[in-house]
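Everything on this sheet refers to the single structure shown next.
The model shown is predicted, which means the values in this text are computed figures rather than measured ones.
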Amino acid sequence: WVGSRAPIATRVREVIGAMTLDNKIAMVDGTGFSYGTAGYVGSIAASTRLCIPALNLEDGPQGVADGVPGVTQLPAPEALAAAFDPALARAYGSVIGSEERGKGADVNLGPTVNIVRDPRWGRAFEAYGEDPYLSGQTAVGYIDGVQSQGVLSQVKHLAVYNQETNRNTAADNAIISQRAMQEIYLPQFRAAVTQGNAASVMCSYSTVNGQYACQNDNLLGILDKQWHFPGFVTSDWGATHSTVPSALAGLDMQMPGGSGFGADYYGAPLKAAVQAGQVPISVLNGMVSRILTEM
């Protein structure tokens with residue numbers, strides 16, 4: 001598959017056919033978490049034997065973040081949205097994509113398109129305001145700019161994530177109708193993946209109608225069955241809360257893995273679940289395939 005001109009799907013099947021179970025588990029579980037000058041806060045390990053490079057993920061929606069030096073501090077994304085200018089959003093994204101690539105990052109963790117329902121929300125400054133259409137079209141421009149630089153864009157955070165109280169616990173339970181979900185909280189994500197062709201989606205810290213977002217059958221099912229999203233789904237850092245339910249619902253990659261943000265559900269526990277038949281090998285192969293396809 002190295003240097004091959006075969007269709008991507010053919011090359012992905014060839015790689016998967018050469019992978020051990022441990023290789024596959026390593027493709028869906030992060031190596032841990034660290035801030036600093038490396039240029040990324042999450043990583044999937046390289047495989048020398050298979051000639052698969054590392055996949056490095058780095059914030060963020062308003063430029064390369066987390067203390068990485070020598071990068072541009074861009075205006076807040078809410079100011080970008082106030083311009084009502086998708087072309088400007090593309091230029092903004094191009095700067096971010098270029099600087100992410102220059103720092104060795106392969107995935108930009110942005111844009112943030114959650115609806116700002118509560119202005120006290122800690123991520124409000126990096127979102128695009130209250131209007132789903134404006135958020136969606138700004139995101140489309142941003143994503144196009146980032147991905148024009150050879151960097152994958154990860155739109156976040158799916159979904160209904162707009163306040164901080166009891167964050168990332170079952171007590172933060174958003175009770176919401178399907179109509180409100182489809183008309184207010186999801187259209188901008190749909191635009192990001194169907195018009196912007198975002199390579200990946202990050203699921204959120206929210207609990208939505210009683211289910212954690214990263215194992216939420218309804219939310220992740222909309223991505224797959226309604227929008228036919230071909231990319232991969234990554235957890236927010238520490239937002240994975242299970243092994244089998246998450247894998248079966250459609251969570252492809254746990255971040256950051258390792259230690260520092262809660263338990264590691266996609267390392268040894270996922271391997272054991274596959275060996276026990278609780279997660280079919282076909283499900284794991286699908287997870288790996290979606291990641292390799294975007295790479």
Side-chain angles (χ1 to χ4, degrees), residues 1-32 39-58 97 100-101 104-109 143 146-156 158 192-194 196-203 214 220 223-224 227-235 240 243 246-258 264-268 270-271 273-275 279-295:
W1 51 86
V2 177
S4 171
R5 295 186 180 182
I8 289 173
T10 299
R11 291 154 60 194
V12 168
R13 284 195 298 271
E14 290 174 349
V15 178
I16 290 176
M19 297 177 91
T20 65
L21 177 57
D22 285 337
N23 292 147
K24 294 174 183 178
I25 295 297
M27 282 296 304
V28 302
D29 189 35
T31 59
Y40 40 89
V41 293
S43 185
I44 295 295
S47 171
T48 303
R49 180 181 72 84
L50 297 169
C51 299
I52 301 173
L55 185 71
N56 300 322
L57 300 85
E58 172 56 27
E100 292 278 25
R101 187 168 186 174
D106 305 295
V107 181
N108 171 251
L109 304 177
I143 292 163
V146 168
Q147 296 192 157
S148 74
Q149 303 302 309
V151 172
L152 307 181
S153 185
Q154 186 164 113
V155 62
K156 60 186 188 181
L158 191 73
V193 301
T194 62
N197 299 310
S200 56
V201 171
M202 181 190 294
C203 51
C214 290
L220 300 184
L223 267 180
D224 180 31
W227 302 343
H228 308 293
F229 175 57
F232 61 92
V233 178
T234 300
S235 73
T240 308
T243 299
S246 295
L248 297 182
L251 176 64
D252 298 310
M253 180 189 295
Q254 176 185 242
M255 277 290 152
D264 186 5
Y265 292 98
Y266 268 22
L270 180 57
K271 180 179 179 180
V274 172
Q275 291 172 325
V279 174
I281 191 66
S282 60
V283 170
L284 179 60
N285 286 347
M287 295 158 68
V288 174
S289 175
R290 285 185 285 274
I291 296 166
L292 287 174
T293 295
E294 295 302 328
M295 292 176 70

For [X] and [Y], indicate whether the former's side chain and the latter's backbone hold a donor-acceptor pair under 3.5 Å.
| X | Y | value |
| --- | --- | --- |
| Asn23 | Thr20 | yes |
| Asn108 | Gly97 | no |
| Tyr265 | Ser246 | no |
| Gln154 | Leu109 | no |
| Thr293 | Ser289 | yes |
| Arg290 | Asp252 | no |
| Trp1 | Cys51 | no |
| Ser43 | Asn56 | no |
| Gln147 | Ala199 | yes |
| Tyr266 | Ala247 | yes |

| query | Where do Val288 and Asn285 land on the side-chain contact (heavy atoms from CB on, under 4.5 Å) test, with the steps shown first? | reply | CA-CA 5 Å; Val288 174; Asn285 286 347; 5.7 Å; no
| Heavy-atom side-chain proximity of Val28 to Leu270 below 4.5 angstrom | yes
| query | Would you say Leu152 and Asp106 make side-chain contact, with heavy atoms under 4.5 Å? | reply | no
Straight-line distance of [X] [atom1] to [Y] [atom2], nearest 0.5 Å:
| X | Y | atom1 | atom2 | result |
| --- | --- | --- | --- | --- |
| Ile16 | Met27 | CD1 | CE | 9.0 Å |
| Ile143 | Asn197 | CD1 | CG | 8.5 Å |
| Phe232 | Leu55 | CZ | CG | 5.5 Å |
| Leu223 | His228 | CG | NE2 | 11.5 Å |
| Cys203 | Met255 | SG | CE | 12.0 Å |
| Leu220 | Leu251 | CG | CG | 7.0 Å |

| task | Please report the C-alpha distance between Val193 and Val201 in whole Å, then the side-chain angles of each, then the deciding distance to 0.1 Å, and finally whether the side-chain contact (heavy atoms from CB on, under 4.5 Å) criterion is met. | result | CA-CA 8 Å; Val193 301; Val201 171; 3.7 Å; yes
| said: Just checking Ile8: does its CD1 atom have more than 12 heavy atoms from other residues, nucleotides or ligands closer to it than 6.0 angstrom? | reply: no
| request: Evaluate side-chain contact (heavy atoms from CB on, under 4.5 Å) for Met19 paired with Leu50, printing each intermediate quantity in order. | output: CA-CA 8 Å; Met19 297 177 91; Leu50 297 169; 3.6 Å; yes
What is the minimum heavy-atom distance between [X] and [Y], and which atoms define it?
| X | Y | answer |
| --- | --- | --- |
| Glu58 | Val41 | OE1-N, 3.1 Å |
| Leu284 | Leu21 | CD2-CD1, 3.6 Å |
| Ile44 | Ala26 | CG2-O, 3.4 Å |
| Val151 | Arg101 | CG2-CB, 3.7 Å |

| field | From CA spacing to verdict: side-chain contact (heavy atoms from CB on, under 4.5 Å), Met202, Val107 | value | CA-CA 11 Å; Met202 181 190 294; Val107 181; over 6 Å; no
